[in-house]
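Everything below concerns the one structure shown next.
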Amino acid sequence: MLGRDVFCRSILLRNEVSDPKRYHLFFVLLVLLFLLTCLFSYPDAYSNIPKKVTDEVARYIPITLQSSSPTIVTSNFQNSHLKTREDPYFAFNSSDCPTEEWNNIRTSSIPNSKLHREWLDKKLKTIKYLYHTSPSVLAAFVHKDQIIVTLTSENQYNTTVYCRYYDCRRREISDHFESVIFPQSTVFCARRPGAKYISISKTLKENPEYSVPIVPRTQRPPHYFTVCMATLYGDEPKFLQIVDFIEYYKLQGATFFHIYLRNVTDYDRVLLDDYVRTGDIEIIKMHDHYWRDDFMWHNSQINDCHHRNKYFSKWTAVIDIDERIEIRDDSYRTVANYLDTVHNSSIVNLHFLVQWVIKQNNTPARYESDEQLIREMIFHKYQNTSKVGDLWNQPKCIIRPEKIGAMTIHLPTAVYEGEQFTPVPPSVGVVRHYRNVEQRVFAGALQRMMSHGPFTLLPIPHWIDEELTKTIVRRVKWVYNPVDVECIKKQRTYNIHGGISAPCWLEEQAMND
Ligand SMILES: *[C@@H]1O[C@H](CO)[C@@H](O)[C@H](O)[C@H]1NC(C)=O
Ligand SMILES: *[C@@H]1O[C@H](CO)[C@@H](O)[C@H](O)[C@H]1NC(C)=O
Ligand SMILES: *[C@@H]1O[C@H](CO)[C@@H](O)[C@H](O)[C@H]1NC(C)=O
Ligand SMILES: *[C@@H]1O[C@H](CO)[C@@H](O)[C@H](O)[C@H]1NC(C)=O
Ligand SMILES: *[C@@H]1O[C@H](CO)[C@@H](O)[C@H](O)[C@H]1NC(C)=O
């Protein structure tokens, strides 16, 4: 009461002393004024819609609709925006394609084509793998001087093919380019003005495969250090390995990940999709029109990773989900810091040797609690580590993608310039390879690992353990431990939607009966 008095006095009566009843009257008037303002500013968009329809809408969206609204003077505020002339920004029709300066380029040859021919004649790669009968286009990237198309077929090396171009409305641009499949799963194509999609065909008569978007790679690389993760498949639960992998390499300075996906559980996929949301990863689904077992995607995955990262990143690590490149020299600490010290342009492939870690169990299928999560973290649970393997024992690479001509799992088979491989001394860095002892696909893997004894406990560096534990817990809880509410609150929300009931509410009712 005192508050109201003071309020009215100060605003309206300027401290004159008068009848207290008047203050109350003024206050009531103020409230009325407020309510009227609310009423008139209520959007009248729904006022002309029959009640039946508004009731139906209210079932799906949380809004209170006034179907039989009082006669409100319709202000013409919506119509006042109507103009007769079209906004020039939207002055195009269903058949127009914009002319883009950067894409208004036509080329008639492929860079390094002489070199490619030489490599081809040296039979750089001749193994025909699997049974595809068409090129099987995976993706395409446009550079200043060419378009690189990646394929999933691996049996059509040296086949003559045609690059088929499409405009922004996927109409074919009748200006094809003849090329050859080389290396194994790649076609280099010339550029065409306005080309936005591309396909590859073996003849000019056939209806080409579905075209794919041509992704721009015409700027200075936006990333410094990226990581490709080899194709995910198989029955071991993955969420903890995925979050460990991504958070670990982020601590090493990586800023983007290409994750190749064959198959994971729906639960694991939720995590991947959340990393897509935050712009940390791109998922490349490995799937085409032909038979192949899940583990047989490796070569075409490596090939795609190589081309996808050209002019996307300065350095790219080409590795598997269970491998962690670790810097052992404290003067560098992280991979990115180490890369910062590489200035010799003939270094185009850093070759890391491997230390194996015995991993006896699968990682858990689901998050249960922080304690469980921290206990199950791979780097906490598995530390029994082998000696460093020798030069050709499954080494892994960090490459300069644009300097490499053809890439395989452990080594480039051709480079445009520089050394084919530059071994990194184990005192500077190694790959910590967590190897599950259960045989899954490859026979003899366990014996090969055990031959690298003696094994000794070797924890990861303390600062990484600390940081990584924190970042993993944070991400996992964000994704898998959403905030719950009491059943009564759920029931209130369900009720808005045409009076339906929350499942928990029905359960409670049933128990009380
Ligand atoms: C679309 O606009 C272009 C000019 O931008 C014009 O040449 C063409 O005839 C238009 N097409 C249709 C179907 O209106
Ligand atoms: C590639 O194909 C051409 C014919 O198009 C042939 O002359 C050449 O020998 C082939 N090279 C290899 C390495 O198969
Ligand atoms: C994918 O993985 C799930 C779960 O591991 C499995 O049930 C399913 O059969 C797999 N699908 C394929 C196509 O491999
Ligand atoms: C650059 O690296 C190459 C290959 O390792 C080596 O031969 C050359 O001496 C290096 N140059 C400099 C300036 O370090
Ligand atoms: C590490 O692995 C070796 C080889 O299997 C085994 O002999 C040794 O006991 C293990 N060490 C520890 C601490 O588990």
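For ligands, and for the atoms within them, numbers begin at 1 and follow the listed sequence. Only a predicted model underlies this, so the values are computations on that prediction, with no experimental measurement involved.
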Taking the six-membered ring for Trp, are [X] and [Y] parallel (under 30°), tilted (30 to 60°) or perpendicular (over 60°)?
X: Y157; Y: F182; value: tilted
X: H351; Y: F421; value: tilted
X: Y416; Y: H116; value: tilted

Quiz item: Which atoms of ligand 4 sit under 4.0 Å from any heavy atom of S346?
Solution: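 So the atoms of ligand 4 that pass are 1 (C), 2 (O), 3 (C), 4 (C).
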
Quiz item: What atoms of ligand 4 come closer than 4.0 angstrom to any heavy atom of E419?
Solution: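 Within the 4.0 Å cut-off of E419, ligand 4 contributes 4 (C), 5 (O).
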
Exercise. Any atoms of ligand 2 less than 4.0 Å from a non-hydrogen atom of L120? List them with their elements.
Key: 13 (C)

Exercise. Using atom types as modelled and distance alone, determine if a side-chain donor or acceptor of E172 lies under 3.5 Å from a backbone N or O of R164.
Key: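 Checking the backbone N and O of R164 against the side chain of E172, no donor-acceptor pair under 3.5 Å is found.
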
Quiz item: Is there at least one pair of N or O atoms, one from Y157 and one from ligand 2, spaced under 3.5 Å apart?
Solution: no

Self-check item: Chi angles and distances behind the salt bridge (charged side-chain N to carboxylate O under 4.0 Å, His left out) call for D244, R324
Solution: CA-CA 10 Å; D244 183 306; R324 305 284 178 279; 2.9 Å; yes

Quiz prompt | Neighbouring residues of ligand 1, heavy-atom cut-off under 4.0 Å | solution =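 For ligand 1, the residues that come within the 4.0 Å heavy-atom cutoff are N93, S95, D96.
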
Quiz prompt | R170 NZ/CZ over Y197 ring centroid, <6.0 Å and within 45° of normal | solution =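 Judged by the rule, R170 and Y197 form a cation-pi pair.
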
Side-chain donor-acceptor pairs of residues 424-435 under 3.5 Å, sequence neighbours excluded:
from	atom 1	to	atom 2	distance (Å)
R432	NE	E326	OE1	2.6
R432	NH1	L458	O	2.8
R432	NH2	E326	OE1	3.4
R432	NH2	E326	OE2	3.2
R432	NH2	L458	O	3.2
R432	NH2	P459	O	3.4
H433	NE2	D322	OD2	3.3

Exercise. Would you mind checking if R308 and E282 are paired as a salt bridge, meaning a charged N to carboxylate O distance below 4.0 Å?
Key: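 Judged by the 4.0 Å cut-off on N to carboxylate O distance, E282 and R308 do form a salt bridge.
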
